[in-house]
Amino acid sequence: MGARTGADHFALAWRLTAAGWLGCALLQFTGSKVSVLWENKNLRTQFNPAVMYGDYVFGADGDAGGAQLRCIDLQTGAVKWTERSPNVS
């Protein structure tokens, strides 16, 4: 999953491997070159895509054991808040 974040061709991508969910990354595309600006496990979406609004990304973070609603800062990847409601799964 990716999202264009501006004219400078930034994209937000969630990474999946055969070993499982790795997390998220902010990538910058310059011609044929790709640079990783940040990468972490602060947002691990699975079935539902995250939503970008302004400078923030919102999504259900978690795995088969349950999920929590989380907001991360698009520029840094830092967690801004987490809602651990039992109604989010």
A side-chain contact here means heavy atoms from C-beta on lying under 4.5 Å apart; do T45 and D61 qualify? no
Between M52 and L74, is any pair of side-chain heavy atoms under 4.5 Å apart? yes
Taking only residues at least two apart or on different chains, which pairs with a member in residues 24-38 satisfy salt bridge (Lys or Arg N to Asp or Glu O under 4.0 Å)? none
Residues at least two apart in sequence or cross-chain that pass side chain to side chain contact (heavy atoms under 4.5 Å, CB included) with T82, listed by chain then number, are Q68, R70, V79, R84
CD/Q75 to CG/D55 distance, rounded to the nearest 0.5 angstrom? 5.5 Å
Just jot down the side chain to side chain contact (heavy atoms under 4.5 Å, CB included) partners of N40, sequence neighbours excluded, or say none. C24, W38, N42
Looking only at heavy atoms, which two atoms of A67 and A60 are closest? And how far apart? CB-CB, 4.3 Å
Which pair of heavy atoms, one from R44 and one from G23, lies closest together, and at what distance? CG-CA, 3.9 Å
Might you work through the side chain to side chain contact (heavy atoms under 4.5 Å, CB included) test for Y56 and D73, ending with a clear yes or no? CA-CA 5 Å; Y56 301 98; D73 184 294; 4.2 Å; yes
Spatial distance of atom OG (S35) from atom CG (L26) [nearest 0.5 Å]: 10.5 Å
Report the C-alpha separation of L43 and V57 in whole Å, then their side-chain angles, then the decisive distance to 0.1 Å, and conclude whether the side chain to side chain contact (heavy atoms under 4.5 Å, CB included) test is met. CA-CA 9 Å; L43 187 58; V57 179; 3.7 Å; yes
Are the side chains of L69 and W81 in contact, using a 4.5 Å heavy-atom criterion? yes
